[in-house]
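See below for the structure under consideration.
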Amino acid sequence: MWHVHPRYHHQHAGCHEYLTFIAEALNCNAMADSTRLSGAHAILLAAHLCATGNPSSLPQLRSRFPTILTIERLLRIVLTFLPESTEPRTYVSVIQTLVSESVCRSDSHDVDPSPVQELSEEAARKRVRKIRLLPLKYPGDGDSQDSADLLTLFLIHRAHRIDSETSLQPLVLDLLLPFYQQSPAIQTWLVSCLLPLLRLNYEYYPHQDISCSVETLESLDDQTATNILLSMAGTRKNDTDLIQNLRGLVGPWMYGSNRPRRQRSRQLARRNSIPLSQTNVHDLETSAWEYVNEWLLSRSLVDVEAVSNAFVNWDGPEDVDFGGYVGEYERLPSDQLEQLRYRYAQTGLAVIYQNSEASLEGSIRVLERVGSLLGLEGSSFTASSCSDLPTVEFDASPIQSASRATLFQNALLIPTNPLTCPSPSSISFLSGLLLSLRTLEELGHSVPCRTATNICLHSNEDMQLYELRSVMASIAQGKSGQDWRAVRKKLLWLRDWKSEAGKPSDNDSSCHGLFYRVPPEVLEAEILKVLLEVREYDLAVEIYTRFRSALSAAQVEEAVKESVFAAYDNASNGNRTRGKMQRAYEILQAFQPHFPDSTSLRQAQALISATHALSFYSLTLQHGVPFQPVSIRVHQDPLALIEKILDQNPRSYAKLDDLLSIGRNLVLAGFSSRPVDDTDSHSHYSRRPVLSREDSLVTAERRIMSLAISSALSSNDFGTAYSYILTRLTPQTSPASTIKTPSTIKDDITWRAVYNAGRYRPTPSPSATPPTLHAQITNISQRMELLSLSLILAPSPEPLPEILGTWRRADEELSLLRARESEEEDAWDTKGDNTSTAPSFLPGGFNQTDTEQDAFETKQQHARRAARAAHHNRLDSDEAPMGLFEVARGAARALHKNVNSSFPLSGTLSPSAAVSASASSSMSFVDGDIEGDDANGLDDGEAGRVRKRDVVSNMVTGGLASGIGWVLGAQPVNMNNTQ
């Protein structure tokens, strides 16, 4: 028939309440007139009506038993026994009637007592004793402090029971709709708790596997509820989800922020944690909205597009969809809304600064939205319709106080942050930054907003210049066909955020511009370099040589030089028609006519010419590293590269003029012509004089000549080395030689080259034909001639012993070869004499006798020997000096250079005088003696012939012994015996 709800028999009712209830039932003696119902029967009947889902008779029953069935008791009976699945429309009117007590007593006969009239009084009392009625106030609910508001307590408890038992939250709404306008507590609970749940479970995300309950949502604190309600938007890829959740879920939830339960939860959270961004926030509702701001900032790191779209399309905390349950007069006060709007706008600025992957256009829309929300549209320059970049002017002093810490995530929402605190200065500065980022993006160089902020505010001149060069590099590597005049205008605007019509900033400390610390002339120089790098030569010449710019002529020249050498150093091939070497050459050709007196450009021209010539040779440096142009610039002694060319390129010594041209260009390029030695590694101790350009050229040519001669000798090409010496190192015989010995430098190179050639001995080849005796004599004669020349070219007397010693050994070798030649000729003649070549009877012989024939042959032999002797005399006359006159003269000259230091005795004949006197007397004697022999016809044959070379040789070993013979280690010889 009826029963008590089993789940609540032992819950919710205290012992005192139960005893009170029983006492009232037992003491009630009032009975119905016809049905004889007691108070216990009335209670049981009310419970039966609710349990069977027919509570409509409760008002009539209460009118019959007003003392027993009080409104509180009836509401508790309904709360305990009426099934939660009952449609609220079936009993809402009953509740309204009970609360308003508007039932008429004339309707009391309509109550049917049959369900309980069969029970005895004792049985009814026993059953009443077992009833455990639920309290009106829901456990843990502290929203209503008014204990007399029985309806509010009943409705909230009934709503919880409907949700927990059936999860049919629309039934809860049907229960509350008739009453929410009568009770502010019910209205607040409906809007802040029930409305978000209905939208979450039935409208926005109806296909979720698990729905959120009233009890779950009620138990959440503000931060947790905000995270859950907003995070639901991430379950679907829809940009409108976040906006609808902000407007339809979080907004209504925030309406109940002043409920006592929420306040207690918020106070507990404050004791357990330190809020990051709630400084100077005065009311609880504003504090609850701070969690929304923090969530949006954190979410932007994951889905910045959705957050940016939310800022553009959501008006902030005042844009809330209350479903029509809250009137305009019931919303937040204007001062609180203004505070909330201000904090929301700060969050938008923080999102822009924080995100590195945000769409630039999305960030600009967020900034414009912030400006419109706060009425600061005039402070933003991003909406300018002018095609040219605007002049961004603002008071920069507040911005300059920002430190690097202001860009940390936990500091972006601090109300005192000068970058995100909404103000005309902060919005203007951020608009300038965003315009700069858009300009950089157009130039092909993307930079995050946070990075750009650090560049502008916290970078010194060097760091800004480094970033500027990175921008230039990106531009140079970007797409071709750009309008470089427009590119230059953009780069100039990036520095100071000033259009061409704008006036220059009077305050240098104001942070106008992304690269405002970089001086204008430095920026122009970098622009010039990038124009040259992309081969915009005509435009560069036009802007920086024909029209006024921030660069002076000297600065333009320096920038051009740096560009030339930058291209040169990065070239992989020295040929000026290829790659970056071609670029360096083209830059030079474009600007050199405008700087005809530029030393640096002339040096660059010479360097490129030398490098171009070197590119035609095979050249590998140490460890197999191929030659690159930059190797010349970093080499301590670039002329030493010519030696490597001669070593690595066979017969390259034959291209002497080309090598000399390379050497001259290297000297003209500013490199030293002197070889690096130990003293160069300690240049601060070195006292070597600085050579003039002419002296450096001469020294370089000497080195290259010496290297070429050594290379020819290494290749067994003595003829080429001999030719180079006679045509290029002998001023008397080579008037057209480029070598002009200056008097300001010491020539310690030429004589060594000549001396090394003079003492050269060819290396015999196993497969080659041995040289003839005549060829050997010729070679030694040429070597002795070179030794004589080296003696003349020697700059000091120190090498004289070595030269003369070598010459003496060569002379001895030549004497042996001459003797051998004479022996071979005599043997040949003797062989001819002993062989009869004519028959006894020759046609036309006129019958000569043997005596006549012998006399004739003897006469022929004497004639041949006389002719041979004359030939030798002529040969000696032509070849015998072999530089010996020059040997004597050169030795005297060499000694004369240092006579005062080498021979300090003034009372005796100087060595040079002795050499000259000995040489003169010896030569006169030799000439006279030979002439006498020639006049006498050499009747005595070879016994009477004295050769000029022998006389000169005796002069060296004998006559010079008193002067410079000591250098040979020769012993004095009796001149009479020599004669």
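Residue numbers start at 1 and run along the sequence shown.
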For side-chain hydrogen bond (donor to acceptor under 3.5 Å, both in side chains), just list the numbers for Thr806 and Tyr755, CA-CA rounded to whole Å, side-chain angles, deciding distance to a tenth of an Å, and then say yes or no. CA-CA 9 Å; Thr806 305; Tyr755 172 65; 3.0 Å; yes
Is it the case that [X] and [Y] place a side-chain donor and acceptor less than 3.5 Å from each other?
X      : Y      : answer
Thr611 : Tyr568 : yes
Tyr722 : Glu785 : yes
Tyr653 : Arg651 : yes

Closest contact, heavy atoms only, [X] versus [Y]:
X      : Y      : value
Ser781 : Leu814 : OG-CD1, 4.1 Å
Val754 : Leu786 : CG1-O, 3.0 Å
Ser652 : Ile645 : OG-O, 3.4 Å
Val667 : Ser696 : CG1-CB, 3.5 Å

Output yes when a side-chain donor or acceptor of [X] lies under 3.5 Å from a complementary backbone atom of [Y], and no otherwise.
X      : Y      : answer
Asn779 : Ala775 : no
Ser790 : Leu787 : yes
Ser706 : Arg702 : no

Heavy-atom check, side chain of [X] versus side chain of [Y], under 4.5 Å:
X      : Y      : result
Leu532 : Arg583 : no
Arg602 : Leu668 : no
Tyr617 : Leu641 : no
Glu557 : His594 : no
Arg664 : Ser661 : yes
Trp751 : Ile803 : yes

Should [X] and [Y] count as an ion pair when the cut-off is N to O under 4.0 Å?
X      : Y      : answer
Glu812 : Arg809 : no
Glu526 : Lys529 : yes
Glu524 : Arg488 : yes

Run the side-chain contact (heavy atoms from CB on, under 4.5 Å) check on Leu531 and Leu539 step by step: do they pass? CA-CA 8 Å; Leu531 289 177; Leu539 179 61; 4.2 Å; yes
Run Met705 and Ile749 through side-chain contact (heavy atoms from CB on, under 4.5 Å) and show every step you take. CA-CA 9 Å; Met705 284 295 304; Ile749 300 175; over 6 Å; no
Candidate list Arg576, Gln582, Gln603, test side-chain contact (heavy atoms from CB on, under 4.5 Å), partner Ile608, passing option: Arg576
Assess whether side-chain contact (heavy atoms from CB on, under 4.5 Å) is satisfied between Val564 and Phe591, documenting all intermediate values. CA-CA 10 Å; Val564 169; Phe591 278 87; over 6 Å; no
Pairing residues for Gln589 by the side chain to side chain donor-acceptor pair (under 3.5 Å) criterion, not counting sequence neighbours: Gln605
